[in-house]
J.: 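One structure is given below, represented as structure tokens, and several questions about it will come after.
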Amino acid sequence: MSRIIVITGTSKGIGYELALFYLKSGDIVIGCSRKESTILHDNYTHHSLEVSDEKAVVKMIRATKKEFKRIDILLNNAGIASMNHFLTTSMSSVEKIFSTNFYGTFLFSREVSKIMMKQTYGRIVNYSTVAAALRLEGEAIYAASKSAIENLTQTIAKELAPFKITVNAIGPTPVKTDLIKAIPKDKMQALLEKQAIKRFGEFEDIKNVIDFFCSEKSDFVTGQIIYLGGVHN
Amino acid sequence: MRNKIEKIIIETLIELNEELNNENLKNPSSKTKLYGASSALDSLALVSFITDLEEKLSEEFDEDLILADEKAMSAKTSPFRSVESLSAYILSLLEK
């Protein structure tokens with residue numbers, strides 16, 4: 001049976017690749033991004049919205065429930081990054097990063113959980129980063145927003161456990177996507193040196209962990225943060 | 001409008017009680033206490049009730065209401081104290 005998967009941030013990068021992969025595997029994907037859809041597929045539905053817009057998120061998830069009757073998986077993939085010394089970080093940049101990363105994850109998790117709760121089944125995967133575990137200089141705000149997501153993940157894992165909803169997070173290493181294109185090469189190399197396995201992450205590395213979290217067999221795995229590349233807290 | 005809201009709340013409670021089998025919810029009325037001391041719902045049942053109700057209200061009024069409220073779990077001021085207080089709260093949201 002096709003799974004109903006909601007993925008945020010599907011216009012490019014990992015979200016785009018994941019959406020295409022699951023569509024090819026026969027799943028039904030409902031995605032969103034600020035822009036119009038970049039995916040054309042019979043089993044793909046797109047919503048153009050800001051993930052921090054409460055009304056728009058509620059509308060999208062209610063429309064999804066109406067059409068498909070259930071949601072099996074939520075991947076809170078949408079995220080933005082910004083590298084800056086904290087002394088030169090503007091307040092508006094902090095607001096933007098927390099809006100997309102934390103508020104977006106909160107809103108989608110809340111709305112989708114309401115549906116998963118009734119079906120007493122659900123898999124939620126949130127996105128952290130190795131920058132949170134490594135306390136990377138220059139990434140204070142980005143990492144703080146992801147640390148907030150880690151804590152949210154572990155607390156709501158407890159609150160949602162009675163409904164058989166699991167909530168976990170993946171902490172990817174840098175992957176060659178738009179998210180890191182503005183970061184200087186030497187900084188990126190220094191970051192890779194901090195990993196046990198010193199290479200960029202690939203789409204397959206991320207998909208592997210997401211598949212593990214989303215497997216029906218992973219019903220005893222919740223509140224976990226898995227970092228790639230041998231990074232730990 | 002208020003009667004209509006109250007009717008939806010009561011319908012939702014009756015449906016929910018098919019699972020809960022709670023004596024206090026057998027014949028819900030505007031005076032039925034929902035959440036707080038000596039009330040009908042525990043916190044998990046309240047969460048189920050709120051999500052069911054949000055869905056019903058959005059179908060009925062064609063508006064995506066969000067009933068989450070910072071006072072939701074407060075016994076004294078929660079709009080979820082009784083059917084009556086909840087009706088008033090929903091009406092205020094719809095009139096916004």
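Every chain is numbered from 1, with letters handed out A, B, ... down the list of sequences.
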J.: When only pairs under 4.5 Å are counted, which of B:Glu59, B:Glu55, B:Glu54 shares the most heavy-atom pairs with chain A?
T.: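 Counting heavy-atom pairs under 4.5 Å, the top option is B:Glu54.
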J.: Hey, are A:His47 and A:Ser33 close enough side-chain-wise for a donor-acceptor pair under 3.5 Å?
T.: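 Note: A:Ser33 and A:His47 side chains miss the donor-acceptor criterion.
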J.: For chain B, which residues from residues 58-78 of chain A have at least one heavy atom closer than 4.5 Å to it?
T.: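 At a heavy-atom separation under 4.5 Å, chain B is reached by A:Val58, A:Lys59, A:Arg62, A:Lys65.
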J.: Tell me the closest heavy-atom pair linking B:Asn22 and B:Asn17, and the distance in Å.
T.: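 Smallest heavy-atom distance, with atoms named: N-OD1, 2.7 Å.
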J.: Looking at A:Glu159, A:Lys55, A:Lys118, which has the largest count of heavy-atom pairs under 4.5 Å with chain B?
T.: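 That would be A:Lys118.
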J.: Which distance, rounded to the nearest 0.5 Å, do you find between the CD1 of A:Ile156 and the CZ of A:Arg110?
T.: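 That separation rounds to 11.5 Å.
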J.: Using a 6.0 Å distance limit plus a 45 degree cone around the ring axis, check whether A:Lys207 lies over the aromatic ring of A:Phe21.
T.: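 Positive - A:Lys207 is close enough to the ring of A:Phe21 and near enough to its axis.
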J.: For the residue pair A:Phe102 and A:Phe106, categorise the inter-ring angle as parallel (less than 30°), tilted (30 to 60°) or perpendicular (more than 60°).
T.: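 It falls in the parallel class, under 30°.
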J.: Hey, does the side chain of A:Asn168 reach the backbone of A:Gln224 with a donor-acceptor pair shorter than 3.5 angstrom?
T.: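 Side chain of A:Asn168 to backbone of A:Gln224, a donor-acceptor pair under 3.5 Å: yes, one is there.
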J.: Please examine the side chains of A:Asp211 and A:Tyr22, heavy atoms only from C-beta on, and report whether any two atoms are closer than 4.5 Å.
T.: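 Yes, their side chains come closer than 4.5 Å.
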